[in-house]
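To start, the structure itself, in structure tokens.
The analysis underlying the following values was restricted to heavy atoms, covering all of them including side chains, and did not include hydrogens, waters or symmetry mates.
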Amino acid sequence: MTEAQFPDGFLWGAATASYQIEGAVQEDGRGQSIWDTFCRQPGKVQDGATGDVACDHYHRWRDDIALMRELGLQAYRFSVAWPRIYPFGSGPLNEKGLEFYDRLVDGLLDAGIDPMITLYHWDLPQALQDQGGWANRETAEHFEVYARTLFERFRGRVKKWVTLNEPLIVAQFGHLAGVLAPGIRSHATTARVAHHLLLAHGLAVQAFRDMEMEGEIGITNANTAYEPYDDTPDNLAACELARDFDSRLYHDPIFGRGYPASVLKFYAERGAPFPIEPGDMLTIATPIDFLGVNNYSRRVVMADNRPIGFRFAPPTLPIQPMGYEEAPHSLGDFVRWVSREYGNPPIYVTENGSGDEDGPEADLLHDQKRISLLKGFLTGLAGAINEGCDVRGYYVWSLMDNFEWAYGYSKRFGIVYTDYETLERKPKASARFYADVIRNNGF
Ligand code: IFM
């Protein structure tokens with residue numbers, strides 16, 4: 001029996017990111033990224049792991065495309081490592097870096113797989129960090145040059161582009177909590193970083209239009225589905241506040257609404273104003289073609305008298321190894337919320353999935369929990385589509401187990417198992433399930 005059916009032409013894919021899978025960090029002229037630096041700082045990454053080898057995708061991309069074909073993937077989202085293209089972030093271009101992505105894109109096209117490029121998935125060139133990183137407005141200008149280089153190179157070959165992956169996580173976890181690269185903890189830096197990331201996004205979208213690129217461009221945000229603890233006015237208001245800080249901050253300006261007043265006030269009171277210059281908000285609001293939605297879970301929100309005005313209620317559902325509640329209704333709920341809030345934009349779910357703790361291979365290959373969560377996520381998504389949300393495709397995170405940032409290799413999000421000793425890939429039960437979903441356009 002079919003439990004969830006998707007519209008004709010719905011696109012099924014998988015997603016990865018450069019630093020998480022490529023390895024080959026010293027090869028073919030690649031420059032250093034902030035993650036190379038961060039991984040070498042003691043205590044920052046679990047077990048002292050690095051992306052030096054990762055899944056060795058840089059050398060195994062042909063096999064990985066064969067794997068995608070075997071699973072019947074129609075689309076593949078990957079990111080380009082900025083330091084492979086501009087080893088110092090700006091200045092000399094590294095042709096060999098571009099050639100790697102030429103091979104990958106052509107291989108995907110030959111296999112009939114639609115490529116989606118993410119321009120920035122967290123591996124900022126270290127040379128730019130040395131000049132202030134995203135806190136420096138010039139990084140946004142360098143990003144535009146980098147984006148233009150890739151647009152020109154892949155014109156006509158790549159039709160789907162994502163400017164940034166999850167600016168919320170870059171700003172909040174990289175520059176406020178300091179648990180991701182570059183490991184800074186500062187309100188002032190966070191406000192600058194958030195603004196310059198969004199400015200970089202807007203400059204890239206403008207460049208895409210100026211260059212009359214064929215295809216679609218959007219941004220991917222990290223999203224938790226927020227639920228109020230109950231419907232008392234205080235908890236309802238707290239839930240809206242949580243949405244201001246985590247969702248509206250990165251969506252409102254894209255849709256021409258400026259920054260949420262609550263967020264501007266919070267940062268201004270901490271002597272950390274958003275460094276908005278004349279014209280910036282118009283640049284950021286350059287119309288996009290689609291919204292990329294990443295979602296893994298929900299959070300229940302309560303009022304709190306601490307300065308920020310909200311806190312998260314203790315989880316009531318089982319907890320995943322990543323600390324997320326098992327709440328697969330979150331994907332459909334978030335898609336409904338964002339569609340209502342922003343006038344039903346076209347959406348691609350650019351990431352969704354679940355992470356296991358490392359453990360015995362046999363157990364990890366028999367990933368029934370991931371299958372049941374995927375069924376839940378997809379059922380919710382199909383429901384949202386039936387209610388009129390304009391969702392065009394879904395990219396599972398991730399094609400294969402990979403470097404999970406500060407967790408190193410201890411968390412496994414793949415539908416394909418990666419043996420980090422031999423670098424062999426082994427499809428998990430969820431990969432077979434997903435292949436069936438693709439074949440049947442539902443399950
Ligand atoms: O692995 C990450 C990815 O890089 C960004 N989104 C969340 C994933 C799982 O934590």
Side-chain angles (χ1 to χ4, degrees), residues 4-17 68 71-80 105 108 112-121 154 157-169 201 204-205 208 213-225 247 250-251 254-255 286-296 328 330-353 374 377-399 413 415 434 437-438 441-442:
Q5 195 60 44
F6 286 79
D8 287 346
F10 192 80
L11 200 60
W12 294 101
T16 64
M68 293 179 216
L71 299 178
L73 292 189
Q74 301 162 346
Y76 176 55
R77 170 181 179 235
F78 63 96
S79 74
V80 170
V105 165
L108 289 166
I113 298 169
D114 185 26
M116 175 187 267
I117 288 186
T118 305
L119 292 167
Y120 184 70
H121 198 127
F154 296 105
R157 286 189 286 167
V158 174
K159 309 274 176 65
K160 292 186 179 63
W161 297 83
V162 170
T163 53
L164 306 176
N165 184 70
E166 302 179 345
L168 163 76
I169 307 296
H201 155 84
V205 179
F208 194 82
M213 292 289 294
E214 191 192 333
E216 311 163 76
I217 190 162
I219 186 169
T220 281
N221 279 322
N223 309 291
T224 302
S247 300
Y250 298 95
H251 286 98
I254 303 284
F255 289 98
T286 308
I288 53 175
D289 300 303
F290 67 85
L291 194 58
V293 164
N294 289 0
N295 172 266
Y296 291 88
S330 66
L331 179 59
D333 282 1
F334 183 80
V335 163
R336 279 188 205 92
W337 179 80
V338 86
S339 299
R340 251 196 331 267
E341 187 87 3
Y342 299 103
N344 213 19
I347 287 174
Y348 288 101
V349 175
T350 40
E351 283 182 31
N352 169 253
L374 287 178
F377 284 126
L378 293 175
T379 303
L381 185 63
I385 295 172
N386 282 334
E387 289 166 32
C389 297
D390 186 5
V391 186
R392 311 231 168 138
Y394 173 94
Y395 297 74
V396 71
W397 184 272
S398 176
L399 174 63
F413 275 86
I415 56 169
Y434 193 54
V437 170
I438 299 173
N441 203 24

Legend entry - Side-chain touch Val335/Val391, heavy atoms, less than 4.5 angstrom: yes

Inset, instruction - Might you point out which heavy atoms bring Gly442 and Phe6 nearest each other, and give the distance in Å? - result: CA-CD1, 4.1 Å

Inset, instruction - Search all heavy atoms of Phe208 against all heavy atoms of Glu214 and return the closest pair with its distance. - result: CZ-O, 4.1 Å

Inset, instruction - Have a look at Pro345 and tell me which of Val293, Ile254, Leu291 forms a side-chain contact (heavy atoms from CB on, under 4.5 Å) with it. - result: Leu291

Inset, instruction - Locate the shortest heavy-atom distance separating Ile347 from Ser339; write the atom from each residue and the value. - result: CD1-OG, 3.6 Å

Inset, instruction - Taking Asp289 for its side chain and Gly218 for its backbone only, find out whether a donor-acceptor pair lies under 3.5 Å. - result: no

Legend entry - Side-chain heavy-atom pair Leu168, Asn221 within 4.5 angstrom cut-off: no

Name every donor-acceptor pair, under 3.5 Å, that has one atom in a side chain of residues 7-15 and the other anywhere in the protein, sequence neighbours excluded.
unit_1, atom_1, unit_2, atom_2, d
Trp12, NE1, Asn441, OD1, 2.9

Inset, instruction - Report the distance from atom CD1 of Ile219 to atom NE2 of His201, rounding to the nearest 0.5 Å. - result: 4.5 Å

Inset, instruction - Determine, stepwise, if the pair Arg392 / Phe290 fulfils side-chain contact (heavy atoms from CB on, under 4.5 Å). - result: CA-CA 9 Å; Arg392 311 231 168 138; Phe290 67 85; over 6 Å; no

Inset, instruction - Describe, in one word, how the ring planes of Tyr76 and Phe78 are oriented to each other, choosing from parallel (under 30°), tilted (30 to 60°) and perpendicular (over 60°). - result: parallel

Legend entry - Considering all heavy atoms, the nearest Gly72-Ile438 contact: O-CG2, 3.3 Å

Legend entry - For Arg340, salt bridge (Lys or Arg N to Asp or Glu O under 4.0 Å) partners two or more places apart: none

Legend entry - side chain to side chain donor-acceptor pair (under 3.5 Å) involving Tyr394 - partner list, sequence neighbours excluded: Asn352

Legend entry - Asn344 versus Cys389, closest heavy-atom pair with distance: OD1-CA, 3.5 Å

Inset, instruction - Would you give the length of the straight line joining atom CG of Asn294 to atom CZ of Phe334, rounded to the nearest 0.5 angstrom? - result: 9.5 Å

Inset, instruction - Would you give the length of the straight line joining atom CD1 of Ile415 to atom CG of Leu71, rounded to the nearest 0.5 angstrom? - result: 5.5 Å

Inset, instruction - Apply side chain to side chain donor-acceptor pair (under 3.5 Å) to Tyr250 and list each qualifying residue two or more places apart in sequence or on a separate chain. - result: none

Legend entry - Partner residues of Thr224 under the side chain to side chain donor-acceptor pair (under 3.5 Å) criterion, sequence neighbours left out: none

Inset, instruction - In plain terms, say whether Asp114 and Lys160 are close enough for a salt bridge, that is, a side-chain N and a carboxylate O under 4.0 Å apart. - result: yes

Legend entry - Between CZ on residue Phe255 and CD on residue Glu341, distance to nearest 0.5 Å: 10.0 Å

Inset, instruction - Applying salt bridge (Lys or Arg N to Asp or Glu O under 4.0 Å), name anything that partners Glu351, two or more places apart in sequence or on another chain. - result: Arg77

Inset, instruction - Quick one: pull up CG in Leu164 and OG1 in Thr220 and give me the separation to the nearest 0.5 Å. - result: 9.0 Å

Inset, instruction - Check whether any side-chain heavy atom of Phe154 lies under 4.5 Å from a side-chain heavy atom of Pro115, and answer yes or no. - result: no

Legend entry - Any donor-acceptor N or O pair under 3.5 Å, side chains Asn295, Ser330: yes

Inset, instruction - Indicate the atoms forming the closest heavy-atom contact of Phe377 with Tyr296, along with that distance. - result: CZ-O, 3.4 Å

Legend entry - Euclidean distance, Trp397 CH2 relative to Phe413 CZ, rounded to 0.5 Å: 9.0 Å

